[in-house]
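Since the structure comes first, as structure tokens, the remarks are kept for the end.
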Amino acid sequence: MASPARTPGSHPATRPADRWTDAFLLITATFAVWGVGLIVLTVVAIATPGSGYPDQAKALLKAMGATVVGVLALSQLYTMESAMGHLPRAGIKIRQLMRSHRWGGRIALVLSVVVAYFCIVDIGAPTTPVRGFVHAIFGSTAFAAIAIKLLLIRFRPSVAYRVAPWLGRYAVIAFIVVWFSSAYAFFTNTL
């Protein structure tokens, strides 16, 4: 018996992907590849602290990693705010937004942990006391906010529905402050 004929677009698998979805996935994939490359370079530098790269190259590596984390954090903000209906989706499907949010978050979290570890054990905090204090406070509270968010999602989903978006927004702000207090200062030669 022949299967019934489907009209174009009647099944999600037969619908062509729209251009916005393709563009968003390409951008996310590009940053993911860049992030993985930075992780590999960072691990190599951590394996031999104080050698392998000149200090300027280590600082550049940290600044590049912090930049990727900052961009991924902004991407996280966009995907979740769009999925929640607070920002226009630009034709991107909810399923694609959520998949991008999950994978972008995983990559951003792994890269931010590696950069933080690299910063702490090899390069250190920013040189000015105020910048160092701001950097440390916002860096540590960003990780705390993400940890609380993930714990709520896992163990208290009813509470997470109300609280997790605010924790995520705070984490984005914190990562941007961390970027300004380190990578921006590196790129503008104001360290």
Side-chain angles (χ1 to χ4, degrees), residues 12 20-21 23-40 42-43 46 62-121 125-126 131-184:
W20 284 106
T21 303
F24 188 76
L25 290 175
L26 178 64
I27 290 167
T28 304
T30 300
F31 280 109
V33 169
W34 189 19
V36 169
L38 288 174
I39 289 170
V40 169
T42 302
V43 168
I46 289 172
K62 178 186 160 206
M64 289 172 49
T67 301
V68 173
V69 171
V71 170
L72 287 172
L74 291 172
S75 172
Q76 291 298 97
L77 180 67
Y78 173 76
T79 56
M80 188 47 66
E81 293 295 328
S82 295
M84 292 172 59
H86 300 152
L87 290 175
R89 287 189 290 139
I92 302 171
K93 297 171 184 72
I94 295 286
R95 183 177 61 195
Q96 296 297 80
L97 286 170
M98 295 310 298
R99 183 178 295 146
S100 295
H101 186 78
R102 282 189 300 274
W103 280 101
R106 292 169 183 158
I107 293 166
L109 189 58
V110 168
L111 182 57
S112 64
V113 166
V114 171
V115 170
Y117 179 79
F118 182 49
C119 175
I120 292 166
V121 300
R131 189 182 306 139
F133 178 75
V134 168
H135 187 82
I137 293 299
F138 278 93
S140 61
T141 58
F143 287 115
I146 293 169
I148 293 167
K149 176 184 171 185
L150 295 175
L151 285 169
L152 288 174
I153 289 169
R154 174 70 173 103
F155 296 108
R156 296 281 189 241
S158 61
V159 176
Y161 182 77
R162 293 184 312 275
V163 178
W166 292 104
L167 291 168
R169 291 175 188 127
Y170 174 78
V172 170
I173 291 168
F175 280 127
I176 296 303
V177 169
V178 166
W179 181 82
F180 268 108
S181 65
S182 62
Y184 177 78

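Inter-residue side-chain proximity for Leu167 and Leu152 is flagged as met; some heavy-atom pair is nearer than 4.5 Å. Taking the side chain as every heavy atom from C-beta outward, Ile176 and Phe180 approach each other to under 4.5 Å.
Heavy atoms from other residues, nucleotides or ligands lying under 6.0 Å from CZ of Arg106 number more than 12.
Closest non-hydrogen pair, Ala73 versus Val172, comes out as O-CG2, 3.2 Å. When every heavy atom of Ser82 is checked against every heavy atom of Pro88, the shortest pair comes out as OG-O, 3.4 Å. The two residues Ala183 and Ala63 come nearest to each other via the heavy atoms CB-O, 3.6 Å. Closest approach of Gln76 to His101, counting heavy atoms only: NE2-O, 2.8 Å.
No donor-acceptor pair closer than 3.5 Å links the side chain of Ser100 to the backbone N or O of Leu97. Of the possible polar contacts, none joining the Ser75 side chain to the Val71 backbone as a donor-acceptor pair under 3.5 Å is found.
Sorted by first and then second residue, the salt bridge (charged side-chain N to carboxylate O under 4.0 Å, His left out) pairs involving residues 157-175 (not counting sequence neighbours) are Glu81-Arg169. Within the structure, no pair that satisfies the salt bridge (charged side-chain N to carboxylate O under 4.0 Å, His left out) test touches residues 135-152, not counting sequence neighbours.
Separation of atoms CE (Met80) and CZ (Arg102) is listed at 8.5 Å; rounding is to 0.5 Å. Separating the OH atom in Tyr78 from the CZ atom in Arg89 is a distance of 9.0 Å, to the nearest 0.5 Å.
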Would you list the atom pairs, donor with acceptor, under 3.5 Å between side chains in residues 138-148 and any protein atom, with sequence neighbours excluded?
{"from": "Ser140", "atom 1": "OG", "to": "Ala136", "atom 2": "O", "distance (Å)": "2.9"}
{"from": "Ser140", "atom 1": "OG", "to": "Ile137", "atom 2": "O", "distance (Å)": "3.1"}
{"from": "Thr141", "atom 1": "OG1", "to": "Ile137", "atom 2": "O", "distance (Å)": "2.8"}
{"from": "Thr141", "atom 1": "OG1", "to": "Phe138", "atom 2": "O", "distance (Å)": "3.3"}
{"from": "Thr141", "atom 1": "OG1", "to": "Tyr170", "atom 2": "OH", "distance (Å)": "2.5"}

